[in-house]
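First the proteins, then the strands, lettered A, B, ... as listed; each starts at 1. Below, all heavy atoms of this structure are taken into account, side chains as well, without hydrogens, waters or symmetry copies.
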Amino acid sequence: MFTPEHHKWIIRQFYEEVLLDEVNRQERMNALRSKSHMPQQSVFFEKIVPILLIAMGIVMAALILFAAGVLLGIVRF
Amino acid sequence: MSFNQILPFFSTAIMLVFTVYVLQRYFVRRAPHFLFWGIGLAMFGAGSFAEAYLSLAWNKWVFFVWYLFGAALNAGWIGHGTLYLLTRKRWVHVVTAILVLGSLFAGYLMLQVMPNLDEAVFTTSKPVSEQYGTKILEPGETPPAGAQTETRTYRGEQVTVVRGLLPLGSPVRLTTPFFNIYGLLTLVGGAIWSAYLFWRKRVLPNRVIGNVLIAAGALSIGFASTLTRLGYGQLLYLGELFAAILMFAGFLTAARPQPSEEPQSAKVALATE
């Protein structure tokens with residue numbers, strides 16, 4: 001026979017093992033998502049990173065042109 | 001010993017740790033990009049160590065290591081690792097063969113020039129990057145302070161040169177732009193491309209930042225090498241130290257485990273949502 005104590009125990013178990021676990025799981029998933037995705041509306045990722053990538057691409061092209069100039073004898077060394 | 005001459009010791013220490021870290025990964029995963037990165041980084045470290053040594057004493061074989069591995073080959077080998085990471089096509093093996101043969105050829109040219117090194121110009125008071133090349137002085141151009149000049153006949157013309165360790169017109173010097181262009185394209189271009197791909201998909205911010213750092217590090221050494229060619233060799237060691245720090249930091253940032261590499265249960269949980 002289930003006593004009221006048993007009922008309370010079952011409800012508490014259900015709360016702790018199922019509901020709380022689901023809440024924890026959701027929190028864990030949200031934490032993982034925030035790590036694996038870029039932060040929303042971040043100035044660093046929205047503005048600075050693309051500018052850096054373009055600037056570095058330009059510097060790289062300039063350095064390659066210089067090295068090619070050395071190879072072709074345009075730049076003397 | 002000047003502050004500038006101490007810098008290669010720091011670069012060497014960083015590169016040693018970096019090389020061991022990358023080669024450990026190769027022995028665990030057996031992925032070829034780790035092997036080429038490891039070899040390239042070891043070359044970079046050997047070049048830094050040679051610089052550190054040459055700030056204390058002269059040894060022509062240490063100079064051999066400095067020029068061949070430090071100035072010529074390392075960027076190409078590190079960059080080749082990035083190429084292996086970005087593409088698994090068969091033609092990469094052909095490029096590998098060309099890189100290996102080209103490196104052997106550069107080594108052969110360097111060996112050929114060894115008996116003709118102008119060792120009398122060497123001094124420990126200046127970084128080796130400021131004294132390795134013999135340079136023709138243009139009319140009206142003034143030689144750098146403390147430089148040794150002389151007039152000699154070169155290709156039938158009387159020219160005034162600033163004496164350097166490598167003889168004028170050494171063929172080995174013509175090989176360095178090939179390796180450096182290839183290294184710049186693959187290492188910097190590969191890092192920029194990877195960063196762009198992750199940025200476009202809005203995922204793995206650590207890989208975006210890591211690749212930006214790697215590209216910045218590689219550019220800093222490329223920039224310093226270019227300045228060296230233009231006669232400002234005193235910035236080379238600083239550029240190398242920046243490169244070592246930035247590339248190692250970038251590698252550590254990009255290699256940090258991410259959710260996709262978390263335990264399987266987390267992956268399943270993400271997939272089922």
Side-chain angles (χ1 to χ4, degrees), chain A residues 8-77, chain B residues 133-136 138 169 173-185 187-189 191-193 195-196 198-209 211-213 215-216 218-223 225-226 228-231 256-262 265-267 269-270 272-273:
Chain A
K8 277 183 192 169
W9 183 83
I10 288 167
I11 289 167
R12 195 168 61 241
Q13 287 298 309
F14 176 77
Y15 176 76
E16 284 178 359
E17 288 181 12
V18 180
L19 291 182
L20 263 185
D21 192 55
E22 177 61 20
V23 170
N24 288 341
R25 196 175 71 88
Q26 290 290 344
E27 281 174 3
R28 278 204 310 275
M29 289 307 106
N30 287 341
L32 288 178
R33 275 220 190 91
S34 67
K35 265 194 210 168
S36 68
H37 284 75
M38 284 179 197
Q40 299 276 317
Q41 294 173 336
S42 152
V43 176
F44 178 74
F45 283 106
E46 296 302 324
K47 302 276 181 210
I48 296 174
V49 166
I51 290 171
L52 272 175
L53 292 180
I54 292 168
M56 288 195 296
I58 292 168
V59 173
M60 180 187 77
L63 289 174
I64 288 172
L65 283 176
F66 176 82
V70 171
L71 262 181
L72 297 171
I74 300 164
V75 179
R76 298 195 69 175
F77 66 93
Chain B
T134 302
K135 184 177 180 285
I136 296 175
E138 299 296 327
R173 292 200 68 188
L174 281 175
T175 64
T176 56
F178 284 106
F179 291 108
N180 290 330
I181 287 174
Y182 177 66
L184 260 177
L185 257 179
L187 178 58
V188 181
I192 291 174
W193 178 246
Y196 169 71
F198 291 119
W199 177 82
R200 195 181 60 180
K201 291 179 183 170
R202 297 286 190 268
V203 293
L204 300 175
N206 68 313
R207 299 250 165 115
V208 175
I209 296 170
N211 279 299
V212 166
L213 289 173
L219 277 179
S220 76
I221 183 66
F223 200 63
S225 300
T226 304
T228 301
R229 284 247 179 213
L230 293 170
R256 217 168 45 207
Q258 283 300 292
S260 59
E261 293 153 351
E262 296 276 336
S265 56
K267 269 201 240 176
L270 266 176
T272 51
E273 274 217 316

TODO: Rounded to the nearest 0.5 Å, what's the gap from NE2 on A:His37 to CZ on B:Arg202? Could you check?
DONE: 11.0 Å

Task: Listed partners of B:Tyr182 passing side chain to side chain donor-acceptor pair (under 3.5 Å), at least two apart - done: B:His80

Task: Which atom of B:Leu174 lies closest to which atom of A:Leu71, heavy atoms considered - done: O-CD2, 3.6 Å

Task: Top contributor to chain B contacts, counting heavy-atom pairs under 4.5 Å, from A:Ala68, A:Pro50, A:Gly57 - done: A:Pro50

Task: Segment of A:Phe66 engaging chain B (4.5 angstrom heavy-atom cut-off) - done: side chain

Open item on the list: Nearest 0.5 Å, please: how far is CD1 in B:Ile192 from CE in A:Met56?
Closed with: 5.0 Å

TODO: Examine whether an atom of B:Ala216 lies under 4.5 Å from a heavy atom of chain A, and if so say whether it belongs to the side chain, the backbone or both; otherwise answer neither.
DONE: both

Task: Closest contact, heavy atoms only, A:Leu53 versus B:Ala195 - done: CD2-CB, 3.8 Å

- [ ] Could you check which of B:Thr176, B:Thr226, B:Val188 has the highest count of heavy-atom pairs closer than 4.5 Å to chain A?
- [x] B:Thr226

Task: Portion of B:Val208 that has a non-hydrogen atom of chain A nearer than 4.5 angstrom - done: side chain

Open item on the list: Please give me the minimum heavy-atom distance between B:Trp199 and A:Phe45, naming the atom from each residue.
Closed with: NE1-O, 2.7 Å

Task: Spacing of CD1 belonging to A:Ile58 relative to CG belonging to B:Leu219, to within rounding of 0.5 Å - done: 11.5 Å

Open item on the list: To check you understand the geometry: which heavy-atom pair defines the closest contact between A:Ala67 and B:Pro177, and what is its length?
Closed with: O-CB, 3.8 Å

Task: Non-neighbouring partners of B:Trp193 that pass ring pair (Phe, Tyr, Trp, His ring centres under 6.0 Å), sequence neighbours left out - done: B:Tyr196

- [ ] For A:Leu63 and B:Phe223, work out which heavy atoms get closest and say how close.
- [x] CD1-N, 3.8 Å

